[in-house]
Amino acid sequence: MGDKITIAIDGFSSCGKSTLAKELARKLHYVFIDSGAMYRGITLFALNNDCIKGKQIDRRKLISVIDDIELSFQLNPETKSPELLLNGENVEFEIRTPRVSGFVSEIAAIKEVREKLVSEQRLMGLKGGIVMDGRDIGSVVFPNAELKLFVTAEIDIRVERRYQELLFKEIETTREEVKTNLIRRDHIDSTRSESPLIKTDDAIVIDNSTYTKDQQLSVAFELVQDVLSSYA
Ligand code: DC
């Protein structure tokens, strides 16, 4: 191991794991990858390329064009956050809309979609020094990660955070709609046959229901320091 470790952060939808991963990466000068954004990017591509008609996903069509989908991240110089590019176009706003959230869990359950993204994610993490968040990061993408965190929060707290986030972005929705979507996605994500969301035995649980962002960050940062000092 070099002096930079791999940190895997998993958890349910809208539990604050991307926020934690981003802030932790910033503090450690590591790369941050929001793997959910990549599943959202594929979903947007599917919606815009007739691979989803009405409520029906045309799996075969999506799989036949999957190699045409190029995903990458670009740092926004103002917010200092990475934003998703889909075939060169910045789609950071579109991938967060309810249109995409409504289909992303079904798209993420497709084996070929997961194979493509897991292999791209592993390439991004080859050198360590990465914080990646998602659902299968500690279990599948980086099973040997030096630190695995499993983030949770109470459902109504997650709904409120997600609702406020969408309000801030002026995306029209209701708390009921957000709650229905979160519960549905959590169910699909944890019961699908392809790498479902699980807490691995070696993951440390952070329940951030009562934490501020700063408190959550300092809990995680201390855990990183513990790991780093155990290797020193
Ligand atoms: O973290 P998020 O809500 O942006 O993720 C969007 C969807 O992608 C979520 O419903 C589950 C899926 N996902 C996944 O299956 N595996 C990952 N590593 C990340 C996200």
Side-chain angles (χ1 to χ4, degrees), residues 6-22 25 32-47 52 57 62 66 69 71 73 81-84 86 91-125 130-143 145 148-153 155 157-159 161-163 165-166 169 171 173 177-200 203 208:
T6 296
I7 302 173
I9 303 185
D10 290 298
F12 293 105
S13 299
S14 298
C15 63
K17 48 187 195 318
S18 285
T19 306
L20 174 62
K22 192 191 307 179
F32 157 58
I33 300 291
D34 168 4
S35 69
M38 301 172 77
Y39 289 94
R40 288 172 178 275
I42 302 243
T43 306
L44 182 64
F45 180 93
L47 281 162
I52 299 177
I57 297 173
L62 176 60
I66 204 160
I69 308 176
L71 299 169
F73 288 94
S81 286
E83 298 188 337
L84 190 78
L86 168 60
V91 290
E92 186 58 32
F93 180 81
E94 287 94 321
I95 60 167
R96 311 286 167 192
T97 57
R99 178 174 172 245
V100 169
S101 299
F103 285 102
V104 66
S105 282
E106 281 89 349
I107 294 287
I110 300 173
K111 182 167 145 262
E112 290 79 359
V113 169
R114 302 205 71 81
E115 283 170 355
K116 173 185 171 72
L117 295 190
V118 168
S119 77
E120 291 180 12
Q121 289 155 4
R122 285 188 178 146
L123 280 179
M124 293 170 177
I130 189 165
V131 187
M132 190 177 289
D133 80 283
R135 306 293 188 291
D136 61 341
I137 311 305
S139 57
V140 175
V141 180
F142 300 132
K148 297 181 187 178
L149 302 177
F150 190 89
V151 183
T152 80
I155 180 73
I157 290 176
R158 291 195 279 135
V159 169
R161 287 177 185 158
R162 181 82 186 127
Y163 177 68
E165 199 179 302
L166 291 170
K169 289 182 182 167
I171 295 174
T173 188
E177 217 172 65
V178 170
K179 188 166 184 171
T180 306
N181 177 259
L182 286 194
I183 291 173
R184 205 177 125 261
R185 282 204 288 138
D186 286 349
H187 179 73
I188 299 173
D189 296 342
S190 19
T191 55
R192 67 183 177 219
S193 58
E194 293 297 322
S195 36
L197 168 66
I198 49 157
K199 186 195 94 59
T200 57
N208 64 23

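Just so you know, these numbers use all the heavy atoms, side chains as well, and skip hydrogens, waters and symmetry mates. Treat the numbers as computed from the prediction; the structure is a model and nothing was measured. Whatever order the structure lists them in is the order used to number ligands and atoms, beginning at 1.
No hydrogens or angles considered: a donor-acceptor pair under 3.5 Å links the side chains of Ser13 and Arg135. Inspection of the Ser101 and Arg96 side chains reveals no N or O donor paired with an N or O acceptor under 3.5 Å.
At least one heavy atom of Lys17 sits under 4.0 Å from some atom of ligand 1. Heavy atoms of Arg114 come nearer than 4.0 angstrom to ligand 1 in at least one pair. By the 4.0 Å heavy-atom criterion, Arg192 is counted among the residues contacting ligand 1.
In this structure, atom 3 (O) of ligand 1 lies nearest to the protein heavy atom Arg185 NH1, 2.8 Å. For atom 10 (O) of ligand 1, the closest non-hydrogen atom on the protein side is Ser105 OG, 2.7 Å. In terms of protein heavy atoms, atom 2 (P) of ligand 1 is closest to Arg135 NH2, 3.6 Å.
No donor-acceptor pair closer than 3.5 Å links the side chain of Lys17 to the backbone N or O of Asp133. A donor-acceptor pair under 3.5 Å is formed between the side chain of Arg114 and the backbone N or O of Ala108. Side-chain N or O atoms of Asp10 include one that pairs as donor or acceptor with a backbone N or O of Asp136 at under 3.5 Å.
Using a cutoff of 4.0 Å between basic side-chain nitrogens and carboxylate oxygens, Arg158 and Asp186 are scored as salt-bridged. A salt bridge does not link Glu177 to Arg162: none of the charged nitrogens lies less than 4.0 Å from a carboxylate oxygen.
The option with the heavy atom closest to atom 7 (C) of ligand 1, from among Val104, Thr43, Ile42, is Val104. Nearest to atom 18 (N) of ligand 1 by heavy-atom distance, out of Leu197, Ile188, Asp136, is Asp136.
Backbone and side-chain nitrogen or oxygen atoms of Ser35 are examined, and one is located within less than 3.5 angstrom of a nitrogen or oxygen of ligand 1. Between Asp34 and ligand 1, not a single N/O pair is under 3.5 Å apart. On a distance-only criterion, Tyr39 and ligand 1 share no N/O pair closer than 3.5 Å.
Every atom of ligand 1 is numbered from 1 in the order shown, and the set under 4.0 Å from a heavy atom of Ile137 is 18 (N). Atoms of ligand 1 found under 4.0 Å from any heavy atom of Arg40, numbered from 1 in the order shown, are 2 (P), 3 (O), 4 (O), 6 (C). The atoms of ligand 1 that sit less than 4.0 Å from any heavy atom of Ala108 are 12 (C), 15 (O). Of all atoms in ligand 1, listed by their number and element, those nearer than 4.0 Å to a heavy atom of Gly134 are 17 (C), 18 (N), 19 (C).
Between Leu71 and Phe45 there is no side-chain heavy-atom pair separated by less than 4.5 Å. The shortest distance between side-chain heavy atoms of Ile95 and Thr43 does not fall below 4.5 Å.
A search for side-chain contact (heavy atoms from CB on, under 4.5 Å) contacts involving Arg161 returns Ala153, Ile157, Asn208, not counting sequence neighbours.
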